[in-house]
S.K.: 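So that we are looking at the same thing, I have put the structure below in structure tokens.
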Amino acid sequence: MNTDKLDLPVPGDGEVLFVALGGLGEIGMNLALYGHAGQWIAVDMGVTFGDEETPGIDVIVPDIQVIDRLGDKLKAVLVTHAHEDHIGGIPYLSGRFKCPVFCSPFAASFLRRKLEDDGGRKGKKVKIVEIPSGGRRAVGPFDIELIPMPHSVPEAHLTALRSPAGLVVHTGDWKLDPDPVVGKPADEARLAALGEEGVAAVVGDSTNALREGWTRSEAELAEPIAEIIRTRDRRVLFACFSSNIARINTIAKAAAAAGKDVGLVGRSLWRMHDVAEGQGYLKGLPRFLREDELAMTPAGKLVAICTGSQGEPRAALHRIADGQHRHIEIDPADTVVFSSRDIPGNEKAIGRLQNRLVAMGVDVVTDGTAKVHVSGHPARDEIRHLYGLLKPKRLLPAHGEGRHLYGHAQFGEEIGIKETRVAFNGDVMRLAGGDFEALGKVHVGRIGVDNGVSVSLAGDALRDRRRMRVDGVAMVTIVLDEKGEIAADSMATLAGVEAAEDEELLIEIEEAIDDAVEDLSRKARRDDVAVEDAASSALRRILRKRTGKRPHINVHVIRV
Ligand SMILES: [Zn+2]
Ligand SMILES: [Zn+2]
């Protein structure tokens, strides 16, 4: 248990409070709480992904003990869009709240599929309420409006939260793309109307707030991608995020124009395909080849879109590069296009995968060498433009690491926003109806999900894993009779230690352990814990001296 505060203040009738349980000070795991008139709603409930610091952990969710304590004061979970860092936590956490999930039809369809696929998990019976993109309705203590914005997934929304305490805008993830390929450009008249109504505060996307200029349009990729597909006479594989339906449209159209077939490889791509098709986002495209049709398609006619742009070992592209995929092979004349960005933390895994492909002779194309990717987040000129329409009095940067949040706040001041504040996960802020200030701090944390089981990232399991990875493991078995006399020689084994096969060392360890046990009083020898402690310290001493390492130690005491 933690000793931090778990209870949020009760928001008054005249104010809007805000606290993030994830997403402030990091890119990922977004979860914001907005409070008004004694009630709260959550905006987004995302995940982040494990890295080399979290061995065995693929998915990380926010610690939501604060939400547990809210009970029925939490009236809604509102999802801005169907990216994992905004929606991915719901299947893991839905057993912890009773309120409905509100989202647009695309996100709802995606969420239903996820809950079905992960049906073994508890909490699958979450109530989903659809709000059409552009729609408005009462959600908890707020009058909510979802205003569609271009991004890198269909149906991303800027959320207007209205209450008697004022209008607060949560931008979500956005860009001002004049030609987003899927969906429409932002409705600037609608955004300007919010500005006229009066925006008390904006909580804004900081991902690209350190970048000058305007993020390039999705439509600008059509020609460079078409050229790659047209000019290659062998297979062309694209790795991209499965949620990037616009990119899938661009690639599929270019393939059709070049007289080639296009297939999808990977489970998450097929899941998104089904959702997007059901919601009408794949209209006018040729049918996508199933995985079992790929081998029958001549290499010169094949374009394949694959999962695994981040170098994930179990995703399609990694398995293809390893020659482990059932339906598709790769050879040196092929081309692999990384139509994606490197998510921070994944650079090494991506580099390893690209090195492997290059070593095979494959032509690897990335956004460093060709125009094959654009960001879904706004750079400074777009932020200036949006805030020019909304005219917010206050700015709280979100969706960024510390440097992004501070850079965004500073930029906000430069372009004339009166009050800016930087807050991190757990900081309770008053956004409207009183001073713009921090009211305290509540407990936040990160919980790893390991095969469906929650593991505290600050707890023993992860500490042991990291230690085993660095220092190895030492295991000792001690056999005692009921009087506490040694009944058989102790046995030691080492794993992940340089001296693991050193017979002399093992014998020295076994003798030292016998000595340590014999030195114990008769009474202590009947106590398993005392025996384990004595053996552990003897073992630690020898290993320290002989190997310089501190392996994870495991002592078993057997009574015969
Ligand atoms: Zn997003
Ligand atoms: Zn995001």
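Both counts, for ligands and for their atoms, begin at 1 and track the order of listing.
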S.K.: N/O/S atom of His86 under 2.8 Å from the Zn ion (ligand 2), yes or no?
M.R.: yes
S.K.: To the nearest 10 degrees, how large is the angle at the Zn ion (ligand 2) between Asp85 OD2 and His399 NE2?
M.R.: 100°
S.K.: Under 3.5 Å, is there a donor-acceptor pair between the Asp44 and Thr80 side chains?
M.R.: yes
S.K.: N/O/S atom of Asp173 under 2.8 Å from the Zn ion (ligand 1), yes or no?
M.R.: yes
S.K.: With the Zn ion (ligand 1) at the center, what angle do NE2 from His81 and ND1 from His83 span, rounded to 10 degrees?
M.R.: 100°
S.K.: I would like to know whether Glu84 and Lys114 meet salt bridge (charged side-chain N to carboxylate O under 4.0 Å, His left out); could you show each step before the answer?
M.R.: CA-CA 11 Å; Glu84 290 291 334; Lys114 269 181 88 74; 2.9 Å; yes
S.K.: Please work out whether the ring planes of His83 and His81 are parallel, tilted or perpendicular, with thresholds of 30° and 60°.
M.R.: perpendicular
S.K.: Please name the residue in the list Asp143, Val16, Val168 that meets the side chain to side chain contact (heavy atoms under 4.5 Å, CB included) test with Ser163.
M.R.: Val16
